[in-house]
Every structure is written in structure tokens, then in C-alpha cells.
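First up is the structure itself, then whatever we jot down about it.
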Number of protein chains: 2
Amino acid sequence: MNTERPAASQGTAMPVRVDAQRNAARVLAAARRAVASAGLDVSYHEIAREAGVGVGTVYRRYPERDQLMAAVLSDILTELIDTAHQALDCDDAWEGFSLLFTGLALRTAQNAGLSGSLDQHGGPAVAQQRHELLDLTRRVIERAQDQGRLRRDLAWQDVLRLTGAPAVRGCVLGLEPDPAHGHHLVLTVLLDGLQAG
Amino acid sequence: MNTERPAASQGTAMPVRVDAQRNAARVLAAARRAVASAGLDVSYHEIAREAGVGVGTVYRRYPERDQLMAAVLSDILTELIDTAHQALDCDDAWEGFSLLFTGLALRTAQNAGLSGSLDQHGGPAVAQQRHELLDLTRRVIERAQDQGRLRRDLAWQDVLRLTGAPAVRGCVLGLEPDPAHGHHLVLTVLLDGLQAG
DNA sequence: GCTGAAACGGACAAGATCGGTCCGTTTGTT
DNA sequence: AACAAACGGACCGATCTTGTCCGTTTCAGC
């Protein structure tokens, strides 16, 4: 995501050698994929396999597990904060709301494993990002409510909670599993249920 | 659930000795709890610990893992089929629908681990139960649609799929995790979104 | 009660997987 | 060419899982 040179641009310092940079990017991407599919306690071996590098490389880059998780979470939060800004830029409050809601639902679905773990892992930097995104989200929701487009009988925290719903894995009765379809389905009905009027 | 004597009442034959019966019940109950909280691949040891019996007892009762899973699934399906019959007995189609929908959502949430696995595991007996429940569900949904209480722009399979949504684990942003609250929340909004008119 | 058989429990062997280290080899830089 | 940085993966000990086996307990019929 971020491939600049400067020594301490993010929480994680970028290495100097080009192959090191390439591998750093690979590891982070692999970690995101791995965390998404296998939860927060994926093994380092699994991540290394996914990234196509040796375990040593992963351990060298992230000696502490928390550092890795912080990097992953930060990466996701950055994307979402961007979406939130786009949402606030929309003239139409409902449009902005559904944009952000969709974005949150999508990330939640993709990273079903890490829900609720934001608080524990990640240092103050991640906490700061989280706080920023929470604030933006609150504003997007309340604006839609103020304009009478979003039902007012729910606190903004509860609306936020609903973003977890589309992360459907299936139902007790099975059916042919089609996550994407299910995701879209829930999103549609949920937004219908949320609209004011 | 079923503690009768006959040798081959269900897929699983009931043992003769009273302690054996007691343990059989314990193991099944423990298996349900364990599968609910730890997914389909709980270890036999875990189930035994949960049941308060030795591993040997579990292995003796269910030499094949599939047999155990079939028993668990059958147990759940039995409860749901019962609910479905209650739903059809309701005079009010919407009341019946929301009863069954809630029941399905609850089981899905409680057994989030086993979604979609109904097809693979469980022999023809379970398949039969599944088919029966599917049929009942279809009737409940279509009756509500026919009476103009449930939106018609969704196929009954899709409505069924939605029962997976309330099984919220959390969202990317964390918040204080409160599954029960989230579950109720999604259910409410979803039912609002599903009502016709 | 007594006795035989059924059921029990948990120690145990074998294998998989995990976290984490270490060192011989490769690769980039100057 | 030469040096250092980065790499990869074999390897170790610990943990967890599957599945078996056998000495002990518990039930049922007499």
C-alpha cells in the first residue's frame, strides 16, 4: 500500500533494500489475506507460505505479533477513513451513508475474523485511527438522520453494529453457499429497513 | 432429546444400560454445545471434557465423526421442524413467518460454525429431515407472501438465506461486543425491511 | 449379595502443527 | 569484487489431536 522510502513514515519503518521492500509488501498483503480467511491467530508459517517467503523473513519484519496485527489493522482503517471522507463529501446524505455502510460491511465481511479485536491489538497509532473513523462514521450517520433519510430510533452505535450483519457465512439449512450473493442480499434488505419513512 | 428404548428409533441406536443412556445423552448435549462454540472440528477430547466422560466413551458411541455430526444436526433439525409446524399453525401468516425466521436465525447464530455443512455430513436420514424443513419453510414464506404481508421481490430461498445475517460477531470497528444485542438489532431491522408495504 | 458382561475412564503412542531460532546461502549496494 | 543486509527453511521443543487399549467400575439378572 505504502511503498515510500522515508525511514519512519508509518508506525513500521520501511527497509532500504529493494528486495526487502518488495517482501515487506508481500508479507503485509499476505497477512491481510491470511487474517481475513483464518482469523487473528493465523500462524506465521501460514502467512509466510501465503507470501511466498520464508518464516524467518516474517519474524524479522514483525518480531512481535502485535506489530503485524497493528500493520494489518492500520491498512484496513486507512482505506475506511478514506471511504468515510468520500461519504461526507456527498451532497446527498443518504447516498453518503449507504456508501460508508457498504464499505464497512464489505471490510467486515472480508475480515470476519478480526471483529472486536481492534481494541486489544495495535498501539496508540491504531487507536487514533480507530477513533478518527468512529467520529467520521458518527457524523455520516447523524447527518443522514438529521436530513430525515435514516430512521432515528437507533443510536449511531447501533447502526454501526449492523454493518456486521452482511458477513453471512450461510444458514443452518445450508443451501448452496454463495457468500457474495448473500452479502448483497442482506445489504439490500437492511438498507431498506433503515431508510426513514 | 430422545431417550426411548427401541433399538433403532433414530439414526443412532439407544443403548440398553441406564448409565449408558445417561452418558449418551450427556455426550450429545456436550457435542451440541461444543460444536456451537468451537465449530465442526472440535476435538473428541474437548467434547468428552465438556460431557464429563472419558474420551473412550465418546469414541465408543460414535466411532465415525460423521455419526456424531449427524446426531447433532438431526437434533437441531428436529427442533426447527417443530418450530416450522408451529409457524404453519398460526392463523396470522406474518406472525408465523417471523416465528420461524427468528427460530432459524437463533439456531444459525448459536451454531455459526456449522453453516453450510449440512450437505456433506449426515446420512440420508438427516438429508430427509433437511428436505422436510426446507419444504415447510418454503410454505411458511410463500403463505406470508400470498397474504401480502411479506415482500414478494425475493425468492423464498433468498429469504431463507437472510436468516444467517443476525449471527453477528461484531464489526470491523469493534465496539463493545454484545452478541445478544446485535442479534436482536439485526433481526428487528431485517424484519422491518422484509415486511410488505 | 453374587457374578458375568457391558460400559467406563484415562494413560498412552503416533502424528500434526505451532512458535521461534539459527546459520549457510543469496542478493543488492557501493 | 567485496561487504553487509536480507533471505529461506531445517530444526527444536512444546502443545494439541486422533485413536487404541486395558485395568477398573457399574449395571442387570439371578
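Proteins come first, then strands; the chains are lettered A, B, ... in the order of their sequence lines, and each starts at number 1.
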If only side-chain N and O atoms of [X] are considered, is one of them under 4.0 Å from the OP1 or OP2 phosphate oxygen of [N]?
X        : N       : answer
Arg61(A) : dA6(D)  : no
Asn23(B) : dA7(C)  : no
Ser43(A) : dT17(C) : no

Indicate yes or no: does [X] engage [Y] in a salt bridge with an N to O separation below 4.0 Å.
X         : Y         : value
Asp192(B) : Arg151(A) : yes
Arg161(B) : Asp158(B) : yes
Asp135(A) : Arg138(A) : yes
Arg139(A) : Glu142(A) : no

Interatomic distance, [X] [atom1] vs [N] [atom2] [rounded to whole Å]:
X        : N       : atom1 : atom2 : value
Gln21(A) : dA6(D)  : CD    : C1'   : 13 Å
Ile47(B) : dT18(D) : CD1   : P     : 8 Å
Tyr59(B) : dT18(D) : OH    : P     : 5 Å

>> Given the structure, check if the side chain of His45(A) and the base of dG20(C) hold any donor-acceptor pair shorter than 3.5 Å.
In response: yes
> Side chain of Arg17(A), base of dT29(C): donor and acceptor closer than 3.5 Å?
Replying inline: no
> For Tyr44(B), which contact category applies under a 4.0 Å heavy-atom criterion: base, sugar-phosphate, or nothing?
Replying inline: sugar-phosphate
>> Given dA6(D), dG8(D), dA28(D), identify the nucleotide with an atom nearest to the side chain of Ala20(A).
In response: dA6(D)
>> Using the side-chain heavy atoms of Thr57(B), tell me which of these nucleotides is nearest: dA10(D), dG28(C), dG9(C).
In response: dG9(C)
> Between Gly56(A) and Asp19(B), which has a closest nucleotide on DNA chain D that is more 5'?
Replying inline: Gly56(A)
